[in-house]
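These notes are about the structure you will find just below.
Ligands are counted one by one from 1 in listed order, and the atoms in each one are counted from 1 as well. All values reported here derive from a predicted model rather than from experimental measurement.
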Amino acid sequence: MSKQLPLRLGVNIDHVATLRNARGGVLPDPVRAAMVAQEAGADGITAHLREDRRHIRDADIDALMEALSIPLNFEMAATDEMQKIALRHVPHAVCLVPEKREERTTEGGLNVAQDENKLAHFIAPLAEAGSRVSIFIAADKRQIEAAHRIGADVIELHTGAYCDAHAEGDFDLRDRELAAMTEMAAYAHDLGLEVHAGHGLTYDDVRPVAALPQVQEVNIGHFIIGEAVFRGLGPAIQEMRRILDETRA
Ligand code: PXP
């Protein structure tokens, strides 16, 4: 590849809503967090409206669509209810994720290969309405080919296993996960898919992912919101931005 692709930072604000919902009131306000993120240099905001509304709620999506001047990446499960909501708002991007009620967070990638026909029909109206369609998947050739066949614009590679292995000190596994992402980012890019990455990334493990030349966006939430407790949200985002820029320079 001759020209370096820019690397965008999407800030996921779900866990500002987690904190708000823990008290049942209106504070802290995830929309205010999105505005601070925008100000601090985030290139986009990500929010996941889960079926159980455990963090982001419908009214948050309404308010984000109204307030943001940077793109919203709307994460959702492939259900009729969510499709209706996405079609009402037509966010910049819709990212399809698997969702299980009992999971603590999005545990794995979507099995596009298994549900190829259903997903092809599901995403068609979203793309037609004008949203970019992104699919959250593991670094797996079969899944990437299926995402390509159904007409997705973007794949987001699930970095969770890589981050877990790094945190647990299992560096062999971490390096195998990174090797798979390296190979699959290039493969997806060659197919014409835009490549994003996210889940579990921190200051400590983001560099090798940011160094993958085909990756055009990383979406980071939990770590940044946690780090904001110590250094403030704006500075926490600015530090991530600095690391991404330094890695990419
Ligand atoms: N990307 C996707 C598709 C996700 O589902 C999530 C978690 O909601 C993230 C990125 C961000 O993960 P984290 O909050 O662990 O940074």
Side-chain (Arg50) to main-chain (Lys100) donor-acceptor, under 3.5 angstrom | yes
Near [X], which atoms of ligand 1 are under 4.0 Å from a heavy atom of that residue?
X      : result
Asp14  : 8 (O)
Asn219 : 10 (C), 11 (C)
Val97  : 3 (C)
Gly200 : 12 (O), 13 (P), 15 (O), 16 (O)
His199 : 6 (C), 7 (C), 10 (C), 12 (O), 15 (O)
Ile220 : 16 (O)

Phe136, any N or O under 3.5 Å of ligand 1 N or O = no
N/O separation below 3.5 Å, His222 to ligand 1 = yes
Should Arg241 and Asp43 count as an ion pair when the cut-off is N to O under 4.0 Å?
-> yes
May I ask you to say whether Arg242 pairs ionically with Glu239, meaning some side-chain N is under 4.0 Å from a carboxylate O?
-> yes
What is the minimum heavy-atom distance between Ile56 and His48, and which atoms define it?
-> CB-O, 3.4 Å
With atom 2 (C) of ligand 1 as the reference point, say which of Glu75, Arg50, Met76 has the nearest heavy atom.
-> Glu75
Proximal candidate to atom 9 (C) of ligand 1 [heavy atom criterion; set Ile137, Asn12, Thr46] = Asn12
Can you find a side-chain donor-acceptor pair between Glu75 and Thr46 that sits under 3.5 Å?
-> no
For the residue pair His199 and His158, does the interplanar ring angle fall in the parallel (under 30°), tilted (30 to 60°) or perpendicular (over 60°) class?
-> tilted
The single option from Arg20, His55, Arg53 passing side-chain hydrogen bond (donor to acceptor under 3.5 Å, both in side chains) against Asp60 = Arg20
Within 6.0 angstrom of Glu246 CD, more than 12 heavy atoms from elsewhere | yes
Note: Glu156, heavy atoms under 4.0 Å from ligand 1, region reported as side chain
